[in-house]
Amino acid sequence: MSKVVGIVGSPRANGNTEFMVKTTLNRIKESGIETELITLHDKNINYCIGCDSCKKTNKCVINDDMQELTKKVKDADGIIMSSPVYFGDMTGLAKSFIDRLRPLRNIHAFKFKVCGAISTGGFRNGGQETTIHSIYDFFLIQGGIVVGDDRPTAHFGATGVGNTSEDEIARDTCIYLADRMVDVLTKINDGE
């Protein structure tokens, strides 16, 4: 069975970004795919120090929660990365998490992973698309299969504004992203 992990790159617990990731994962789960929510606000994630040890060993020398998180990402078939907008881009926490996944690059761990992004902001068009673009840059560099929110909205990914539990567009784009991820995961894993 396929598995999708949804990563919440917000430093806030139970916030707008987490709501959107949960909405997307719930829709994916309805199709019979296993899901797991991963929040970063409660994890010990240090900065990448650029030592390049991971290029030789495919493991990071820093001993923190990233060892477990890296394994979860490596073992997943689909990845949803999310972040609220902080000055037009992802949070520092989300970026540190992404940087620390460098050991997976050498082993081409993202080759058949279906990858989607979610971003929230204080205003519509408040940096959500640039944040998603940064997340997609990471996925493309890792070799992942990037999908957007598909029809009928068909944009970068799932975007929300303000209180996302009251944002109908946020909910819709979460559902469309989930459906697109399920379509591609099914095609890759079942050949249908």
Side-chain angles (χ1 to χ4, degrees), residues 1-10 13-43 65-84 90 94 97-98 101 103-105 107-120 128 131-132 135-160 164-165 167-192:
M1 174 171 30
S2 296
K3 181 173 184 178
V4 174
V5 296
I7 299 142
V8 181
S10 174
N14 300 310
N16 296 311
T17 306
E18 187 170 332
F19 175 82
M20 289 185 68
V21 175
K22 286 178 178 177
T23 299
T24 308
L25 290 176
N26 287 338
R27 178 67 171 214
I28 290 170
K29 186 184 272 187
E30 289 173 6
S31 70
I33 293 175
E34 183 181 351
T35 63
E36 181 178 358
L37 179 75
I38 298 172
T39 56
L40 300 183
H41 67 86
D42 53 350
K43 305 294 187 293
D65 290 335
M66 280 305 297
Q67 280 72 30
E68 179 186 353
L69 296 174
T70 299
K71 180 172 179 7
K72 287 178 183 277
V73 169
K74 180 178 179 268
D75 293 343
D77 301 290
I79 309 291
I80 297 168
M81 184 68 205
S82 71
S83 178
M90 70 181 84
F97 172 80
I98 282 173
L101 290 174
L104 298 180
R105 189 168 182 215
I107 60 172
H108 207 37
F110 277 71
K111 184 174 183 178
F112 294 109
K113 289 190 191 315
V114 178
C115 305
I118 294 172
S119 184
T120 58
Q128 292 91 329
T131 299
I132 286 174
I135 293 169
Y136 283 169
D137 284 346
F138 159 73
F139 286 145
L140 291 169
I141 289 166
Q142 284 278 19
I145 300 166
V146 175
V147 300
D149 58 307
D150 206 22
R151 296 223 164 277
T153 52
H155 294 100
F156 271 121
T159 61
T164 56
S165 66
D167 180 2
E168 195 172 314
I169 294 171
R171 185 199 157 283
D172 288 349
T173 56
C174 286
I175 298 304
Y176 304 146
L177 176 63
D179 290 349
R180 181 66 178 143
M181 290 185 75
V182 168
D183 286 347
V184 178
L185 281 164
T186 301
K187 185 76 168 175
I188 289 170
N189 294 318
D190 299 337
E192 297 176 7

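Everything numeric in this text was worked out from a predicted model, so none of it was measured.
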* Asked: What residues, two or more places apart in sequence or in another chain, satisfy side-chain hydrogen bond (donor to acceptor under 3.5 Å, both in side chains) together with Lys29?
  -> none

* Structure fact -> Sequence neighbours excluded, the answer for side-chain hydrogen bond (donor to acceptor under 3.5 Å, both in side chains) partners of Glu18 is Lys22

Measure the shortest side-chain to side-chain distance between [X] and [Y] over non-hydrogen atoms and say whether it is less than 4.5 angstrom.
X	Y	value
Ile132	His155	no
Phe110	Val73	yes
Val4	Thr24	no
Met181	Ile80	yes
Val147	Leu177	yes
Met81	Phe97	yes
Ile145	Ile188	yes
Met66	Leu101	yes

[atom2] on [Y] to [atom1] on [X], rounded to 0.5 Å:
X	Y	atom1	atom2	answer
Gln142	Ile107	CD	CD1	9.0 Å
Ser83	Ile118	OG	CD1	11.0 Å
Leu25	Glu30	CG	CD	11.5 Å
Ser2	Asn189	OG	CG	3.5 Å
Ile175	Asp149	CD1	CG	11.5 Å
Ile135	Ser82	CD1	OG	6.5 Å

* Atom of Gly148, atom of Tyr136 and distance for their closest heavy-atom approach -> CA-OH, 3.9 Å

* **Shortest non-hydrogen contact from Cys115 toward Gly144** => SG-CA, 4.1 Å

* Structure fact -> Residues at least two apart in sequence or cross-chain that pass salt bridge (charged side-chain N to carboxylate O under 4.0 Å, His left out) with Asp75, listed by chain then number, are Lys71

